[in-house]
Amino acid sequence: AGVFTPERASALTAELTELESSTGWKVRVVTGYEGAINDLYRTTRADRKTVIMTADEFKGNVLEFYYDTSSLKEVIPKNVFQEMRGRYGNKYYVY
């Protein structure tokens, strides 16, 4: 909570809405999630064209990505998410 200013949160919401309407892909951001991945998919109403990013400061790797690999592999290489998780998801980069 309080990570983004209201202006930045509004701008990010607009950018994600535009991405969804122009590509059909959805991005969902969840903070501090603890639970089963199936519950996460149900809660966010995810489908095969949804990427879920979780951010949890209490885990060793702050960022985690969940997505349908068969749907996404034609759009973006799998190693992109591995790189983001490894490079930008560690506590030393985030803090």
Side-chain angles (χ1 to χ4, degrees):
V3 175
F4 296 117
T5 64
E7 295 82 16
R8 182 62 191 129
S10 178
L12 183 58
T13 299
E15 290 170 18
L16 290 175
T17 301
E18 173 60 28
L19 175 74
E20 186 173 334
S21 65
S22 66
T23 66
W25 282 89
K26 297 181 277 296
V27 177
R28 301 295 183 251
V29 179
V30 180
T31 58
Y33 182 76
E34 296 271 341
I37 187 65
N38 290 337
D39 294 337
L40 181 61
Y41 274 90
R42 271 193 299 280
T43 302
T44 60
R45 297 185 190 120
D47 59 17
R48 296 178 64 91
K49 291 185 82 173
T50 303
V51 175
I52 302 172
M53 182 190 85
T54 61
D56 188 347
E57 66 180 309
F58 298 107
K59 292 185 178 178
N61 204 338
V62 177
L63 297 178
E64 191 60 64
F65 297 92
Y66 301 97
Y67 49 89
D68 179 52
T69 55
S70 62
S71 297
L72 197 60
K73 70 181 176 183
E74 297 177 15
V75 179
I76 190 169
K78 182 179 180 178
N79 65 342
V80 167
F81 291 106
Q82 293 169 341
E83 180 74 15
M84 288 190 322
R85 183 175 32 248
R87 183 175 298 201
Y88 304 114
N90 66 64
K91 290 183 178 186
Y92 301 106
Y93 184 84
V94 174
Y95 295 119

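In this chain, numbering begins with 1 at the start of the sequence shown.
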side-chain contact (heavy atoms from CB on, under 4.5 Å) against R8, all qualifying residues, sequence neighbours excluded:
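Listed in chain order: F4, T5, A11, L12, E15.
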Those residues that, when tested against E20, pass side-chain contact (heavy atoms from CB on, under 4.5 Å) (two or more places apart):
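For E20 the side-chain contact (heavy atoms from CB on, under 4.5 Å) partners, ignoring immediate neighbours, are K26, R28.
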Would you name the heavy atoms of [X] and [Y] that are closest together and state the gap between them?
X	Y	answer
K49	G24	CB-O, 3.8 Å
M53	F65	CG-CE2, 3.5 Å
L63	R85	O-CG, 3.3 Å
S70	K73	O-CG, 3.6 Å
T50	D47	OG1-OD1, 2.9 Å

Which is it for T23 and V75 under the side chain to side chain contact (heavy atoms under 4.5 Å, CB included) test, yes or no, and what are the steps along the way?
CA-CA 11 Å; T23 66; V75 179; over 6 Å; no
Which residues satisfy the ring-ring contact (aromatic ring centres under 6.0 Å, His included) test with Y66, sequence neighbours excluded?
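So Y66 forms no ring-ring contact (aromatic ring centres under 6.0 Å, His included) with any residue.
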Main-chain N/O of A9 paired to T13 side chain as donor or acceptor, under 3.5 Å
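Present.
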How long is the span from the CD1 atom in I37 to the OG1 atom in T54, to the nearest 0.5 Å?
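Going from CD1 on I37 over to OG1 on T54, the span is 7.5 Å.
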